[in-house]
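Written out below as structure tokens is the structure these notes cover.
Labels below follow one simple rule: chain letters A, B, ... track the order of the sequence lines, proteins then strands, and each chain is numbered from 1.
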Amino acid sequence: MADSTKIEIKIPNQSEYVGVVRLAISGIANRMNFSVEDIEDIKIAVSEASANAVRYAYTNTKIGYIDITCIPEKDQLEIIIKDSGIGFDLKNPHKPKKQKEEVPNLGLGLVFMQSLMDKVNMSSAPNKGTTVHLIKKVPSLSLKSKN
Amino acid sequence: MVLDLKIDVKKEENIPVIILNGEVDIYTYPKLSEALDKVIKDGSQSMILNLEKVNYMDSTGLGAIAAGANKLSQFGGHMNIICNQPQVKKIFKVSGLMKKNLSIFDEKDEALAKAKQKTK
């Protein structure tokens, strides 16, 4: 059985690279049969997940990395955003440690991910990092381009 | 596509207008927050935020705008937003911010008319 195609991006936990992830993901989504609106939705959802990792995953004194994996398939695009940072108890999420700067986001990151993507799964545990799976279904089964 | 945010601040009929061009995200939002703070500190009770040339915004941008609108409302002011980009309007709707202390307009003339009411 052939493995799915994977595109992997690794960024440091610095806010200036979230836009780079957005560009890359929109390029991948553009190769599939997504509408402009779908691509914008995907960009926001991935940015929200990546920004959360930048904000919360690592302590202020440590540089950490965030791994983004894209798996384009015939009927969906799966995106996995994974960090190996401090994680949290999903059943009992606590207020994150104070960051260097207070970044406003109204706590809407997860709301946007759930509203704009077709499936969202999050797994996390204290000191074991956090993984977010996002899936967007392709509107039709045809792909724009083939190898 | 620009991965940055440019901000111009000018006055129209004595009402401060902040014009954004580019993307508002976790990296660029401080510029927006700074521009909003400056306008509010200058004592403006009414202002316009022009998002016509914003091609990307997420919850960080919304948070900066909401914080600015809250500060402005503490001084009796109101934030008027020009936004006709469908995707940017969509995130205002999803967030529920449209019900808070700000107004969103498709056209500049409508926003200006509302802003002038507040200054009378």
Could you check which of B/Met57, B/Gln87, B/Lys90 has the highest count of heavy-atom pairs closer than 4.5 Å to chain A? B/Gln87
Scan side-chain atoms only and decide if B/Tyr56 and A/Ser47 contain a donor-acceptor pair under the 3.5 Å cut-off. yes
Chain A contact via B/Ile91 - side chain, backbone, both or neither, heavy atoms under 4.5 Å: both
Assess the residue pair B/Thr60 and A/Arg55 against the criterion (side-chain contact (heavy atoms from CB on, under 4.5 Å)); give the C-alpha distance rounded to whole Å, side-chain angles, the decisive distance to 0.1 Å, and a yes or no. CA-CA 11 Å; B/Thr60 313; A/Arg55 279 188 199 104; 2.8 Å; yes
In this structure, would A/Ile9 and A/Leu77 fall into the same cluster of hydrophobic residues linked by side-chain contacts under 4.5 Å? yes
Cluster check A/Val18, A/Ile80: I/L/V/M/F/W/Y, side chain < 4.5 angstrom: no
Going only through I, L, V, M, F, W and Y residues with side-chain contacts under 4.5 Å, is there a path from B/Ile82 to B/Leu112? yes
CD of A/Gln14: more than 12 outside heavy atoms within 6.0 angstrom? yes
Under 4.5 Å between side-chain heavy atoms, hopping through other hydrophobics if needed: is there a path connecting A/Ile71 to A/Val46? no
Give a yes or no on whether the backbone of B/Ser59 and the side-chain of A/Glu48 come within a donor-acceptor separation of less than 3.5 Å. yes
Atom NZ of B/Lys108 with >12 non-hydrogen neighbours under 6.0 angstrom: no
Side chain, backbone, both or neither: which part of B/Asp25 has an atom under 4.5 Å from a heavy atom of chain A? side chain
Picking from A/Val111, A/Asp41, A/Val36, which has the most non-hydrogen pairs under 4.5 angstrom with chain B? A/Asp41
Verify the cluster assignment for A/Ile28 and A/Tyr17: are they in a single hydrophobic cluster under the rule of side-chain heavy atoms below 4.5 Å apart? yes
Kindly give the heavy-atom pair with the smallest separation between A/Leu108 and B/Ser95, and that separation in Å. CD1-CB, 3.5 Å
Could you go through the side-chain contact (heavy atoms from CB on, under 4.5 Å) check for A/Phe112 and B/Leu62 one step at a time? CA-CA 12 Å; A/Phe112 278 174; B/Leu62 285 186; 3.5 Å; yes
